[in-house]
Amino acid sequence: MLQIQYLRDHTQEAIERLKKRNIDAATAVNKALELDEIRRKAQQESDQLLAESNAASKEIGALMQAGKKQEAEIAKGKVASIKEQIKTLEEAQLQSENKLTQHLYTIPNAPYHLVPDGKGAEDNLEIRQSGTIPDLGANAVPHWELAAKYDLIDFELGVKITGAGFPVYKGKAARLQRAMINFFLDENTKVGYQEYQVPHLVNEASGIGTGSLPDKEGQMYHVGIDDLYLIPTAEVPLTNLFRDVIVKAEELPIKLTGYTPCFRREAGSYGKDVRGLNRLHQFDKVEIVQIQHPQNSYATLEDMVNHVAGILDKLKLPYRILRLCGGDMGFTSAMTYDFEVYSTAQQRWLEVSSVSNFESFQSNRLKLRFREGNEKPQLAHTLNGSALALPRIMAGILENYQVADGINIPEVLVPYCGFNKIS
RNA sequence: GGUGAGGUGGGUGAGUGGCUUAAACCAACAGUUUGCUAAACUGUCGUACGGGAAACCGUACCGGGGGUUCGAAUCCCCCCCUCACCGCCA
């Protein structure tokens with residue numbers, strides 16, 4: 001959620017930035033300002049009356065103490081009439097606050113000035129390509145065929161015990177997956193991210209904190225009997241650790257990493273996009289999160305991008321980095337880089353990581369603040385990224401490392417796996 | 001799941017209807033003193049929103065939500081959480 005203070009103080013700037021979303025930014029912002037105006041008036045009226053009532057009650061107390069019962073009774077009558085008015089004014093204030101909040105929920109984050117203009121995926125800006133796309137010849141097959149051929153991943157078994165989009169990993173594939181999780185966590189902790197193990201279910205307040213609720217309610221699995229949500233990403237529990245927290249400026253940046261399964265309902269997907277490991281209801285991911293001073297958050301974003309690129313370099317996978325355009329960016333992000341690994345057999349790019357700076361959009365809801373010396377607390381910036389998402393890396397390895405008699409294992413993973421080839 | 005006791009500022013903890021503007025102590029910060037470290041002394045010390053150029057003023061917040069009352073940290077109801085014991089259990 002954008003800060004109303006920001007919209008008030010930097011109205012034109014906010015509108016210019018929001019225009020990149022291809023929305024009617026001026027109308028959205030002006031409506032917020034109008035609702036804010038109403039809200040402030042309502043608060044002023046309500047506060048004033050409350051002040052009167054408080055003062056009157058105090059007088060009654062003094063009269064009672066002095067034993068002037070009759071005068072106190074008269075005063076009580078006065079307060080009673082104020083009370084009726086307070087009720088309606090407080091109601092009006094609450095309503096005006098809710099209206100403003102509800103409206104602010106509908107405004108996406110304001111894109112950073114470096115975000116390219118554009119409507120969709122085709123307008124994303126390619127920053128660089130790296131690694132070599134292998135020449136697999138005519139016999140290259142997509143990962144789902146490899147998975148069947150070498151008995152690695154059983155999609156039917158997953159359907160049997162749960163449903164579509166819940167694959168079962170077997171033998172060396174299970175081992176490879178576990179190896180990758182360890183490798184990723186090691187790479188992250190090596191550069192200062194602290195490893196966390198967090199719950200895979202969160203309460204409603206956490207869902208609201210990171211912006212999954214109320215907007216994306218239908219994308220999360222909900223356990224009704226206990227009113228808990230299965231996490232769509234470790235970002236939710238990791239970032240919410242710092243909900244309602246004021247940290248010292250010296251403690252920034254705070255760097256967290258964690259492995260969790262992720263659960264996504266993803267209604268409405270179809271065809272080639274969901275074939276094999278391309279899109280799943282449950283998948284594994286190692287996430288990195290940083291909480292940073294606003295002045296440093298964009299430098300940190302570049303650091304995180306370089307870090308993720310370093311991991312892909314070590315895996316020797318062909319990939320490219322995109323800076324997403326305004327039309328393709330997520331609702332909560334101010335700037336996002338996507339990493340895509342080339343799936344040679346499918347001849348398409350697969351997103352394996354998304355690294356974003358949310359500026360204060362998340363921390364505003366989370367009330368995640370920092371304090372510099374004795375100054376007033378201010379909202380911190382939050383950033384996160386995948387380092388990395390497992391299934392598509394798995395797909396990328398299976399496809400790019402396939403040879404005539406099997407699948408080679410990237411060198412860096414061999415010590416983690418204990419084998420160097422699947423055959 | 002059952003029974004009981006609890007939940008108050010960064011921490012400990014007092015407060016059972018108006019003398020609370022939440023005491024006191026500790027921690028933290030600033031200053032004074034001082035060979036050094038330390039100690040002592042003085043002062044500051046919650047958050048949010050609103051008003052104001054500012055000083056400052058107003059309002060709300062004592063786990064969360066309702067209620068009683070002119071007035072609630074305090075009384076009542078519901079929920080959440082913590083601790084102890086019991087039950088169940090990897």
Side-chain angles (χ1 to χ4, degrees), chain A residues 1-9 32-105 197-209 213 222-229 237 240-252 254 360 362-380:
Chain A
M1 180 166 64
L2 287 170
Q3 297 176 69
I4 185 65
Q5 191 70 41
Y6 172 73
L7 297 181
R8 245 192 271 166
D9 297 346
L33 294 179
E34 265 171 50
L35 291 172
D36 182 49
E37 193 75 26
I38 295 168
R39 180 196 121 246
R40 279 148 72 193
K41 271 219 182 87
Q43 184 181 339
Q44 280 171 42
E45 287 172 8
S46 165
D47 277 0
Q48 199 197 329
L49 219 56
L50 277 168
E52 277 176 38
S53 152
N54 284 344
S57 289
K58 222 171 241 179
E59 259 176 64
I60 293 169
L63 290 171
M64 297 285 272
Q65 221 111 76
K68 298 176 181 170
K69 274 211 167 156
Q70 273 191 348
E71 288 175 49
E73 284 306 319
I74 294 165
K76 272 190 198 180
K78 254 193 242 170
V79 178
S81 74
I82 299 179
K83 243 192 109 181
E84 272 310 301
Q85 296 178 60
I86 286 179
K87 229 181 173 180
T88 45
L89 284 179
E90 276 194 320
E91 184 81 13
Q93 190 196 342
L94 197 71
Q95 243 180 42
S96 63
E97 264 170 31
N98 284 341
K99 268 190 189 162
L100 176 61
T101 308
Q102 287 307 318
H103 179 63
L104 288 176
Y105 278 163
Q197 280 194 1
V198 289
H200 302 162
L201 283 86
V202 293
N203 56 29
E204 188 187 21
S206 297
I208 290 172
L213 294 172
H222 182 225
V223 182
I225 193 166
D226 291 307
D227 197 17
L228 294 171
Y229 294 86
N240 269 285
L241 295 173
F242 291 85
R243 168 155 47 88
D244 287 317
V245 168
I246 302 173
V247 299
K248 289 186 186 141
E250 308 91 82
E251 294 172 53
L252 300 175
I254 293 166
S360 61
Q362 283 186 330
S363 55
N364 191 26
R365 280 206 208 177
L366 288 162
K367 297 202 190 88
L368 195 185
R369 290 163 292 175
F370 71 95
R371 191 199 300 275
E372 221 141 11
N374 283 331
E375 284 174 33
K376 274 191 67 156
Q378 19 169 348
L379 294 175

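As a basis for the values below, the full set of heavy atoms in this structure was taken, side chains included, without hydrogen atoms, waters or symmetry mates.
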Is it the case that [X] and [Y] place a side-chain donor and acceptor less than 3.5 Å from each other?
X         : Y        : answer
Gln43(A)  : Asp47(A) : yes
Thr101(A) : Asn98(A) : no
Gln48(A)  : Gln44(A) : no

Any strand counts, and the cut-off is 3.5 Å on both contacts for Watson-Crick or G-U wobble. Which nucleotide pairs with [N]?
N      : result
G4(B)  : C83(B)
A30(B) : U42(B)
C89(B) : none
C75(B) : G67(B)
U47(B) : A60(B)
A53(B) : none
A24(B) : U12(B)

Provide the distance between the two [atom1] atoms, one in [N] and one in [M], to the nearest whole Å.
N      : M      : atom1 : result
C80(B) : G65(B) : P     : 15 Å
U12(B) : G66(B) : C1'   : 32 Å
A28(B) : A39(B) : P     : 9 Å
A90(B) : C75(B) : C1'   : 45 Å
C83(B) : G51(B) : C1'   : 45 Å
U74(B) : G17(B) : C1'   : 7 Å
U47(B) : A55(B) : P     : 15 Å
A73(B) : U8(B)  : P     : 16 Å

Heavy atoms under 4.0 Å, any strand shown: does [X] hit a base, just sugar-phosphate, or nothing?
X        : result
Gln44(A) : sugar-phosphate
Ile60(A) : base
Ala75(A) : nothing

Mapping Ala51(A) and Gln378(A) onto RNA chain B by nearest heavy atom, which one lands closer to the 5' end?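 Upstream on the strand: Gln378(A).
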Ala62(A) or Arg39(A): which one's nearest nucleotide on RNA chain B is closer to the 5' end?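 On the 5' side of the pair lies Ala62(A).
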Between Ser363(A) and Ala380(A) (side chain of the first, backbone of the second, donor and acceptor by atom type, cut-off under 3.5 Å), is there such a pair?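 At least one qualifying donor-acceptor pair exists.
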For RNA chain B, which nucleotides open and close the run of contacts to chain A, 5' to 3', at under 4.0 angstrom from a non-hydrogen atom?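 Result: G18(B) to G71(B).
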Report the distance from atom OH of Tyr229(A) to atom CD1 of Ile208(A), rounding to the nearest 0.5 Å.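 Reported to 0.5 Å precision, the distance equals 8.0 Å.
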Applying side-chain contact (heavy atoms from CB on, under 4.5 Å), name anything that partners Lys76(A), two or more places apart in sequence or on another chain.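 Scan of Lys76(A) (side-chain contact (heavy atoms from CB on, under 4.5 Å), adjacent residues dropped) gives Ile60(A), Glu73(A).
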May I ask you to check whether over 12 heavy atoms, not counting those of Glu251(A), lie within 6.0 Å of atom CD?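 Counting neighbours around CD of Glu251(A), more than 12 heavy atoms of other residues, nucleotides or ligands fall under 6.0 Å, so yes.
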Only distances under 3.5 Å count here; give the side-chain donor-acceptor pairs of residues 83-92 of chain A to other protein atoms, sequence neighbours excluded, each with its distance to 0.1 Å.
| from | atom 1 | to | atom 2 | distance (Å) |
| --- | --- | --- | --- | --- |
| Thr88(A) | OG1 | Gln85(A) | O | 2.8 |

